[in-house]
Each structure stands twice: as structure tokens, then as C-alpha cells.
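Below is one structure; the comments refer to it alone.
Here is the naming used below: chain letters follow the sequence lines, and residue numbers restart at 1 for every chain. Note: hydrogens, waters and symmetry copies are ignored here, and every other heavy atom, side chains too, is used.
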There are 2 protein chains.
Amino acid sequence: MEAGLQEKRRKPGPDTLYVGSVEKAFDVLKAFRAGQRDLGLSDLSLSQISHLSGLDKSASQRFTNTLVELGYLEKDRRTRRYRPAVRLLDFAYTYLVCNRLAEVAMPRLIEASKVYGTTVNLCELSGTDIIYTLRIPHQKEYFRATLPGRRIPAFSASGGIVILAHSPADTLDLVLEHSEYRPITQWTVTDPQAVRARISEALGNGYDLGVQQSLPHEISTAAPVLNSEGKAFAAVQIPVYMPGWTVEQVREKIVPLVMETARAISGSYFAEG
Amino acid sequence: MEAGLQEKRRKPGPDTLYVGSVEKAFDVLKAFRAGQRDLGLSDLSLSQISHLSGLDKSASQRFTNTLVELGYLEKDRRTRRYRPAVRLLDFAYTYLVCNRLAEVAMPRLIEASKVYGTTVNLCELSGTDIIYTLRIPHQKEYFRATLPGRRIPAFSASGGIVILAHSPADTLDLVLEHSEYRPITQWTVTDPQAVRARISEALGNGYDLGVQQSLPHEISTAAPVLNSEGKAFAAVQIPVYMPGWTVEQVREKIVPLVMETARAISGSYFAEG
DNA sequence: TAAAAAGTATTAAATAATAATACAAGCTGA
DNA sequence: TCAGCTTGTATTATTATTTAATACTTTTTA
């Protein structure tokens, strides 16, 4: 059993501008992700929600009920179990539709995906993780790995490596300092020194190439989307799979494609202003 | 009002289990979608949030601040404007990863998208709208039309038509009764009678084909994903564009593809139980 | 079938959210 | 540059809203 699941309660401070109830509602929603990850459950009972969210029975009851009323959770009247509702996708849309990067990137990603018929992703940094924001899935991979909103520790993902490589030093240090270096696959590089080396190399090359770092059989390539100061605010990432692809083939074909796509997105993004 | 005199005006029941603050927080998040749609804004000032959410200045301040603390909104310190943060994608992931339909559908959608190199979507009913849940984008369409979480009134989308056609009568009536029949394009069928006719036809055919109903130049085809009672709980939808495609070509090639894909998903979903 | 566990409903108490307001900081146009 | 305006931020007293405890009901289990 994995110890070290950080059970940190946030310190909102004695802030009169902070509404604690909102946090608790989100804690309930987060419980479902944890329930799926740790217990493999896709619906939860009230007491499971209570355990996973850290809220007591009454609070779980109130917030669960509220979220059902609002349409963000569904309740099975027979089993009395709760599950996330489609309406939760509203927020993803809200984020993406307000995001000019997504707008500029989408056509480039589609183009890129057609070159070799590969999956192409856009990802961004969020805390110590990267989050996949746009995905053009072409291969039938491990299901979870194909979903938008997926999080992976930045240090273990090629997208994270190139973003960190082209980030301000303080951001880099902060992320590496707070990262939890647990292996994702048996080949994941978890030694902080080795991670730093990989980041340096990515900075030199302008891309990163990782073999089976976050998924078995996967060769992952990524290049940064840079702003005018040469700092990254996103990454284009293409995964391909062995044995269909070899590292040599990836270097020859995927690396240029990823770099060119990232460069094009950057160019379009800063084209008008 | 006298202190110490406690009139029990509050009706016991769901009221005490409803946390209004949660609703207000979501109202703030919704404001961004409205701001983008109605004003074309991708970030909002505090007063704009106040207007769009219907919350007063103080409430907007408190909930905005709370959402920033939690990482769901970002604040530009210079412009003092707020925008949705990547973290919002967490909920989309939560929904999708807990959803066996998505898991079963994804590989089928990918396969289908390769047959003619078209976009393929999965959608579900949410109130009077459909929401696109999984998307395999292949064409460079109108940006917003490519995003997961996009909502369209069910009556105007072929995915909505086929789901409604294969829904219980009371669901159908409820949706049609509450729908707001505004035209999406200039060709949108908005007459409730005509919509009902289209639904009947879709029930007979097992698919729907709509021309420029929700996007110019678009020919949209959809087929329902059915449960064991023959009721729909989702739809597979494929959009193609004129003049590259004609209605005749769509009937010949896309219709069978959409129907077979939907059927396959349904089959896989109920394969084990 | 009894006992335990989980889910639901109710309520008194008080915390935590509210709305009012004061203050500060940016804008606008003269 | 300066009023005058709008918008954003900070601070309060007040109370309504949330809370936690608990009683009650249903379901699961042993």
C-alpha cells in the first residue's frame, strides 16, 4: 500500500473573503477521482464520499445533496450511489472556449495528427502536474491516457520536461521541490538529479523524448510552445508505441513534426498580439 | 424582528440540506461561458462577473476570491481580470474516467474516424441540450464546434434528434416542451411540429441526417446508442461538410458507418452486464 | 432474524456568510 | 494635471445560513 498520500488541509487563513463551503463542495467532487484511482469505483456511496473527501457524514450529506440539485452529480435511487454527471463537462468547455491558445492550436494539432496517423496532444502545467488540454486520439491506448483533463507528474512526462526546461528558474525549482518522485512505470526516472539532467538536455535540444516513462511501450516526444521571451506556456506532445515505432524512427520523423507544430502554434498565437 | 423569538418559517427537508454558497460559486464560473458567448470576452472584470452572474458586488468578490484560492480561476494582477484556469478540466476527467460508456466507446470512435478521415463524436442528453462528451476531431471546423462539453439544443442537433426519438415518451415531451426554439442557423427547423416529424422519421430510420441545422455547410448524421430496452442513452454523430460531401454520399457511406458504430458501442456496453 | 451499518430527516446553536460601507486605486475627459 | 467617475479592495456589525448532533428509517450482514 502506498504510504505518503499527502493529506494536507489547506490553510485558507482567517479570510472573510473565503467561502469554505465552496471548497467542501469541490472536495466531494474530487472524491470521485480518488475513488476511481484508488478503489476502481465509478460510483460512490455516501459513506465512501465521506471517507474519501474527509468530510463528516452530515457535511457529505449536505454537499452531495446540493450537487445533485445542481445537476453535477446523479443519484441512483435504487442503489443510493452517486456518480458524476455530464454537466461537469461544462467547465471544460468554459475553460477551452475562453482560451485562445486552444483555438490557435487545434487546427495545427489536427494537421499534425494526420501526418503519421498518430495521437497528438496539447498540455499545460498545473502545479507539479501537467494536464492534457486538447487531444486528437488516433491510437487505441490505455483508456485513461486518452482523456482530456488527465494529470501526470510533470517530471515524468515529456510534456512536463520541455515546459520545465523553458520555464523561469524559480518555477522550475518550485515544481521540482514539491514533486512527489514516485515511479509511474518501472522505467520512470525518479532521481531528482537525473530529472534535472533530462531537463537540461531538453533545453539544449528544444524537445524531449521519453521511453516508457509514463506508460509501458510508449515513446513520448514533446516540444514547447514558447512566448516571445522564450518561456514555455504549453507543450505539444506525440506518443507512439513500440514495437510499431523505434526510437530511431521517432527521432527522424516525430521529433521534427512535434517541433514544427509547437513552433507554428507559438507563431500563430503571437501573430496579431 | 424580535430576537429570541424563533418562528419556524423554514420548511424542514431538502432546504436544510442545500448549501446556497455552492450554487453561487458555480454561478460565477458560468458567467465566463456567458461572457464568451454574449460578449466575446475571454476574461472578465469583477463588475462584469457581477453583472453576468447576477450576484451583487460583495458576493462576486467573495466567490471570485475563493475560486482563485482554489485554483479554478486565475487573476491577472495587472489588469485585475479573471479567467478560467486549467484546473477546471479536472472535472471533465472525473466524469469521463468514471464513465464506462466513454471507455467502451472511445476505441470504436477512433476506428470510425479513420474510415473516411472524418470527425466522430459521442453525445449525451443534458436537460434540453445535448453535450458532446468524446470527440475525435479530424476536420478544421468552427473552433467552438470541436470542443468537448459543447452544448446544442437537442431539437436542432442530429444527436439530439436520435436520442429523443429513442427516449421514453415523457422524456421526449418534457424536453420538447421546455426547449427554446430559436434558430441556430438560418436553416434550423424550429417549428415544434416539424421537429416532432423529424423525430418520428429518425425513430423509423434508426438514424437522423440534418443539413445545416446547427452549423453552415454541415451535414450531420447520428445514430443512437441503445440499452436493452431499446432506449437511447447516447448518440454517435459524424459531421461532414459541403461541398466536399453531398447528401447522397452521406446516405451511402456515413449513415451505415454511424449506425454500425453506435450498435457496436451498445453491444460492448452490455456485453458483460 | 437480530444486529449493525448506512442512509435520511430534524433541529438547536453559533459559526461563517452577508450586505453595507468606507477606503483606495485606476480611468476619463477637460 | 486635476476633478469626478468607475471599479476594485478592505473592514465591519448583524444575521441568516450552515453546522453537528442526533433521532429515525431502511438496508445489509452474519
Side-chain angles (χ1 to χ4, degrees), chain A residues 9-29 31-32 35 39 41 43-70 72-83, chain B residues 1-29 31-32 35 39 41 43-70 72-83:
Chain A
R9 199 111 299 273
R10 80 180 349 276
K11 42 128 200 170
D15 198 345
T16 62
L17 294 178
Y18 188 80
V19 181
S21 299
V22 177
E23 181 179 1
K24 291 174 190 159
F26 285 123
D27 285 344
V28 168
L29 292 177
F32 286 86
L39 311 172
L41 296 170
D43 55 6
L44 296 177
S45 69
L46 187 63
S47 44
Q48 286 170 329
I49 291 173
S50 177
H51 281 119
L52 287 163
S53 65
L55 301 172
D56 65 32
K57 190 170 141 181
S58 286
S60 304
Q61 184 187 11
R62 258 176 303 115
F63 289 105
T64 296
N65 182 280
T66 302
L67 290 167
V68 170
E69 290 276 315
L70 292 172
Y72 297 112
L73 289 182
E74 276 168 4
K75 180 175 185 177
D76 186 313
R77 294 198 58 79
R78 204 177 54 76
T79 65
R80 289 136 192 261
R81 299 183 134 259
Y82 300 85
R83 31 176 297 169
Chain B
M1 242 177 266
E2 274 96 26
L5 223 173
Q6 290 183 328
E7 264 293 335
K8 305 294 154 45
R9 317 184 69 248
R10 151 181 39 158
K11 50 182 73 171
D15 262 356
T16 58
L17 295 178
Y18 188 78
V19 181
S21 300
V22 176
E23 181 178 0
K24 290 174 190 160
F26 285 123
D27 286 343
V28 168
L29 292 178
F32 287 86
L39 310 171
L41 297 169
D43 56 6
L44 297 177
S45 69
L46 187 62
S47 43
Q48 287 170 328
I49 291 172
S50 178
H51 281 119
L52 288 163
S53 65
L55 300 172
D56 65 31
K57 191 171 140 180
S58 285
S60 304
Q61 185 187 12
R62 255 176 304 116
F63 289 105
T64 296
N65 183 278
T66 302
L67 289 167
V68 170
E69 290 275 316
L70 292 172
Y72 297 111
L73 289 181
E74 276 168 6
K75 180 174 186 177
D76 186 312
R77 294 198 57 81
R78 204 176 53 76
T79 63
R80 290 137 190 259
R81 300 183 133 257
Y82 300 86
R83 34 177 294 171

Heavy atoms under 4.0 Å, any strand shown: does B/S47 hit a base, just sugar-phosphate, or nothing? sugar-phosphate
So, does A/K57 get its side chain near the phosphate of D/dA23, meaning an N or O under 4.0 Å from OP1 or OP2? no
Output the rounded distance in Å from CG (B/N65) to C1' (D/dT9). 10 Å
Quick one: list whatever passes salt bridge (charged side-chain N to carboxylate O under 4.0 Å, His left out) with B/R81, sequence neighbours left out. B/D43
On DNA chain C, compare the nucleotides closest to B/A59 and A/Q48; which residue's is nearer the 5' end? A/Q48
What is the distance from CD of B/Q61 to P of C/dA17, rounded to the nearest Å? 14 Å
Does C/dA6 have OP1 or OP2 sitting under 4.0 Å from an N or O in the side chain of A/R80? no
4.5 Å side-chain heavy-atom contact, B/F32 and B/I49: yes
Do B/L73 and B/L29 come within less than 4.5 Å of each other through their side chains, counting heavy atoms only? yes
Rounded to whole Å, please give me the gap between CZ in A/F63 and P in D/dA20. 9 Å
Just how far, in rounded Å, is P of D/dT28 from CG of A/L46? 15 Å
Rounded to the nearest angstrom, tell me the gap between atom NZ in B/K24 and atom P in C/dA17. 11 Å
Whole angstrom value for the distance that separates C1' of C/dT8 from CZ of A/R77: 11 Å
Give the nucleotide from the list C/dT8, D/dT18, D/dT9 with an atom nearest to the side chain of A/S21. D/dT18
Close side-chain approach of A/V28 to A/Y72, heavy-atom, < 4.5 Å: no
So, do A/E23 and B/T66 sit near enough that their side-chain heavy atoms are less than 4.5 Å apart? no
From C-beta outward on A/V19, which listed nucleotide comes closest to its side chain: C/dA17, D/dA20, C/dT8? C/dA17
From the set D/dA20, D/dT18, C/dA19, return the single nucleotide nearest to any side-chain atom of A/S58. D/dA20
Between C1' on D/dA21 and CG on B/L17, what's the gap in Å once rounded to a whole number? 14 Å
B/E23 CD to C/dA17 P, straight-line distance once rounded to whole Å: 16 Å
